[in-house]
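A quick write-up on the structure given underneath.
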Amino acid sequence: MPKRIFSGIQPSGVLHLGNYLGAIKSWVALQEKPARNASHSDAGGYDPIFCVVDLHAITVHQKPDELRQKTLEVAKTYLAAGIDPEKSLIFVQSHVPEHAELAWILNTITKIPELERMIQFKDKSSKNRQNINAGLFSYPVLMAADILLYDTNLVPVGEDQLQHVEMARTLARRFNSLFRETFVVPEPFIVKEGMRIMGLDDPKKKMSKSALSEYNYISLTDTPEKIREKIKKSVTDSGKEIKYSADKPAIKNLINIYALLDNAKPKEIVESYQGKGYAEFKKDLAEVVVGFLEPFQEKYNNIEDREVLRILEEGREKAKKMAEEKMEKIREKIGLL
Ligand code: AMP
Ligand code: TRP
């Protein structure tokens with residue numbers, strides 16, 4: 001059997017290099033493994049679904065017009081980054097109401113203390129004291145519903161989502177033991193170098209769309225001049241050697257970005273910069289980033305909204321069919337008439 005992949009990104013804020021390297025890049029790689037030769041568990045290839053999770057985005061207040069616009073933009077980003085609608089299913093979460101229905105059901109087997117432990121909830125609610133809403137609290141349950149609804153085997157995400165994937169595993173096991181085997185227990189899929197891209201202005205914090213300064217991140221829509229400026233200004237460690245080690249977090253982060261975009265190993269990058277300084281390294285890195293983002297942006301700008309809407313409509317139909325079939329079984333298991 002091919003392995004089902006499911007992942008998603010919220011249509012809120014700007015998409016940055018951390019989102020691409022931590023998540024989307026591995027989605028594209030997984031998509032390219034054909035779903036055949038299913039003789040043993042790892043040889044089956046992949047059957048990917050990528051979702052724009054708008055119902056998650058509204059756990060933080062969004063302006064309606066902006067939300068609509070961002071939803072299209074995230075879908076366009078998937079396409080421009082190389083997600084191919086012939087190989088992957090792309091759709092919008094709210095187009096398939098079964099996500100919300102399953103989330104409700106899973107809420108009834110989720111314990112409050114389990115949600116209180118969630119790092120992202122603690123983090124988001126401490127940043128936004130005026131709007132600690134029930135949706136924000138049960139956000140991980142909706143994410144579990146997304147994943148479990150499609151019998152997902154693998155969830156490719158950045159490290160910050162591990163705790164949520166763990167929650168989905170717990171809920172799958174709990175439901176299965178309460179109501180007999182129903183859900184596949186999903187596994188997280190993490191790319192080591194990309195799992196945690198750090199801020200350019202502070203290598204102790206992850207690159208984030210909610211960062212206060214734009215010098216924290218490289219947006220996927222930044223111009224070449226902006227990218228060069230941001231990398232030039234990025235903080236560095238003491239010393240001047242290009243070294244890959246935990247006690248040099250700033251340069252380690254830049255080497256990770258370089259390695260991932262150049263499809264090289266960090267070790268190879270370090271070797272090629274022996275005897276060279278930060279300035280030269282940063283200059284080259286900026287060109288690597290520009291070299292990646294320029295063609296990406298060109299593709300992005302050439303995709304028409306109409307085309308995205310057509311792809312999302314196709315995705316809706318396919319996803320809806322799968323979700324309806326699964327929901328039938330779930331309703332029956334729990335005794336809904
Ligand atoms: P978010 O931007 O929080 O909606 O995250 C979307 C996807 O990008 C998730 O899979 C995250 O784990 C991943 N991601 C976000 N920020 C980073 C980062 N700084 N480094 C690696 N992955 C990230
Ligand atoms: N919570 C994820 C994030 O913030 C987004 C997400 C929602 C997701 N549903 C998902 C990721 C299902 C993977 C699978 O990045």
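Numbering of ligands and ligand atoms starts at 1, following listing order.
- Cation-pi geometry between Lys333 and Phe179 is not satisfied (NZ or CZ under 6.0 Å from the ring centre, within 45° of the ring normal).
- The atoms of ligand 2 that sit less than 4.0 Å from any heavy atom of Gln10 are 4 (O).
- Side chain of Thr152 to backbone of Leu154: no donor-acceptor contact under 3.5 angstrom is found.
- For atom 9 (N) of ligand 2, the nearest non-hydrogen atom from the set Thr152, Asp146, Asp160 belongs to Asp146.
- Between Arg169 and Glu166 a salt bridge is recorded (basic side-chain N to carboxylate O distance below 4.0 Å).
- A salt bridge is defined here as a Lys NZ or Arg NE, NH1 or NH2 lying under 4.0 Å from an Asp or Glu carboxylate O, and Arg174 with Glu114 meets this definition.
- Residues with a heavy atom under 4.0 Å from ligand 1: Ile9, Gln10, His16, Gly18, Asn19, Gly22, Ala23, Val157, Gly158, Asp160, Gln161, Gly194, Met195, Arg196, Ile197, Lys206, Met207, Lys209.
- A salt bridge does not link Glu287 with Lys283: every distance from a Lys NZ or Arg NE/NH1/NH2 to an Asp or Glu carboxylate oxygen is 4.0 Å or more.
- The option from Ser7, Ala57, Cys51 that lies nearest to atom 13 (C) of ligand 2, judged by heavy atoms, is Ser7.
- Taking the six-membered ring for Trp and thresholds of 30 and 60 degrees, His99 and Phe91 have ring planes inclined between 30 and 60 degrees apart.
- In this structure, of Lys209, Gln161, His164, the residue bringing a heavy atom nearest to atom 2 (C) of ligand 2 is Gln161.
- Which parts of ligand 2 touch Val157 is read off a 4.0 Å heavy-atom cut-off, strictly below it: atoms 11 (C), 13 (C).
- Residue Val165 does not touch ligand 2, judged by heavy-atom distances below 4.0 Å.
- Of the protein's heavy atoms, Tyr139 OH, 2.8 Å lies nearest to atom 4 (O) of ligand 2.
- Within the listing of ligand 2, atoms 12 (C), 14 (C) sit less than 4.0 angstrom from a heavy atom of Ile147.
- Ring centroid separation for the pair Phe6 and Phe50 does not come in under the 6.0 Å cut-off.
- Contact annotation: Ile9 has no heavy atom less than 4.0 Å from any atom of ligand 2.
- Under a cutoff of 6.0 Å and an axis angle of 45°, Lys282 and Tyr278 do not form a cation-pi pair.
- Residue contacts with ligand 2, taken as heavy atom pairs separated by less than 4.0 Å, do not involve Leu142 at all.
- Shown in contact with His56 at under 4.0 Å from a heavy atom are these atoms of ligand 2, numbered in order with element: 7 (C), 9 (N).
- Here Phe296 and Tyr20 keep their ring centres 6.0 angstrom or further from each other.
- Checked against a 6.0 Å centroid threshold, the rings of Phe121 and Tyr139 do not count as neighbours.
- Closest to atom 5 (C) of ligand 2 among all protein heavy atoms lies Gly8 O, 3.5 Å.
- Checked for salt-bridge contact, Lys206 and Asp160 meet the test: a charged N lies under 4.0 Å from a carboxylate O.
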Ile330 vs Glu101, side-chain contact (heavy atoms from CB on, under 4.5 Å): CA-CA, chis, key distance, verdict: CA-CA 10 Å; Ile330 299 166; Glu101 182 181 357; over 6 Å; no

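- Heavy-atom contacts of Val155 reach the following atoms of ligand 2: 13 (C), 14 (C) (cutoff under 4.0 Å).
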